[in-house]
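To start, the structure under review is shown below, and the notes come after it.
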Amino acid sequence: MATEIKLLNDQMLKELFDNDVINKSVLIVDIREPSEYAREHIPGSRNVPLSKLNKTDFSTEKNKMAIFHCRLGNRTRSAQIALLATGFKEIYCMEGGIEQWKRCNLPTEIDRHAPIDIMRQVQIIAGTLVLIGIALAYTVSSSFIFLSGFVGLGLLIAGTTGFCGMAKLLMVLPWNKEKDPSASAHTLNRR
């Protein structure tokens with residue numbers, strides 16, 4: 001069982017995955033949310049969201065080298081205790097997440113039909129509503145400024161409590177429902 005987590009820099013990552021051959025003794029674990037994984041992921045990686053990491057049984061894979069990643073590396077660095085608890089023999093984290101992987105010109109699978117992740121959808125809608133509120137307050141009636149204030153209050157509540165009502169509403173929309181992964185077409189992207 002690993003007692004430390006080693007960070008993979010660009011050079012180490014390139015050497016490890018040279019010639020696009022992923023060693024069978026390596027397990028790449030993507031700790032991002034399923035919607036992020038569905039949009040773009042490393043071929044052959046396994047999606048285990050950070051929120052489910054401590055409930056996942058890795059017992060048949062403990063002798064493998066585990067490489068954990070998120071989008072930019074922040075989630076993996078902040079979850080070191082949870083990563084060590086997985087019980088792998090060797091544990092590595094990509095310093096820069098999947099963005100580092102792409103920077104190293106390694107392939108990803110992209111499904112352009114998958115929705116963007118929920119929090120980006122929230123940011124787009126909240127930003128749009130704030131701009132609409134300001135524009136209407138300036139051109140129609142100053143009362144429309146309350147629309148921007150309402151959105152700001154919602155973001156403040158989401159940031160302080162971790163509960164985002166808009167995200168909950170967006171999750172029930174048809175394009176955010178989980179689909180059969182075999183039904184979507186993936187393209188291999190080489191950057």
Write down the atom of [X], the atom of [Y], and the distance for their closest heavy-atom approach.
X	Y	answer
Ile5	Leu84	CG1-CD2, 3.8 Å
Ala137	Ile145	CB-N, 3.6 Å
Pro49	Pro34	CG-CD, 3.8 Å
Asp30	Ser45	CB-OG, 4.5 Å
Ile91	Leu83	CD1-O, 3.1 Å

Is there a chain of hydrophobic side chains (I, L, V, M, F, W, Y, each step under 4.5 Å between heavy atoms) that links [X] to [Y]?
X	Y	answer
Leu106	Leu16	yes
Tyr37	Ile110	no
Met166	Met171	yes
Met119	Leu173	yes

Check: [Y] and [X] side chains under 4.5 Å, non-hydrogen atoms:
X	Y	value
Glu99	Arg71	yes
Phe58	Leu53	yes
Arg46	Thr56	yes
Ser51	Glu33	yes
Leu170	Ile125	yes
Ile42	Met94	yes

[atom2] on [Y] to [atom1] on [X], rounded to 0.5 Å:
X	Y	atom1	atom2	result
Lys14	Trp101	NZ	CH2	12.5 Å
Arg120	Arg39	CZ	CZ	7.0 Å
Glu15	Cys104	CD	SG	10.5 Å

Next on the checklist: The test is side-chain contact (heavy atoms from CB on, under 4.5 Å); show your working for Glu36 and His41 and say whether it passes.
Outcome noted: CA-CA 8 Å; Glu36 295 173 278; His41 62 271; over 6 Å; no
Next on the checklist: Is there a side-chain contact (heavy atoms from CB on, under 4.5 Å) between Leu13 and Gln100? Walk through the geometry before answering.
Outcome noted: CA-CA 9 Å; Leu13 191 60; Gln100 175 188 7; 4.0 Å; yes
Next on the checklist: So, applying salt bridge (Lys or Arg N to Asp or Glu O under 4.0 Å) with Glu40, which one of Arg32, Arg112, Lys102 is it?
Outcome noted: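 Exactly one option meets the salt bridge (Lys or Arg N to Asp or Glu O under 4.0 Å) with Glu40, and it is Lys102.
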Checklist entry - side-chain contact (heavy atoms from CB on, under 4.5 Å) with Phe68: which of Ile28, Leu50, Val48, Ile31? => result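 Only one option passes, and that is Ile31.
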Item to check | Working for side-chain contact (heavy atoms from CB on, under 4.5 Å), residues Glu109 and Asp111 | outcome: CA-CA 7 Å; Glu109 286 183 2; Asp111 183 353; over 6 Å; no
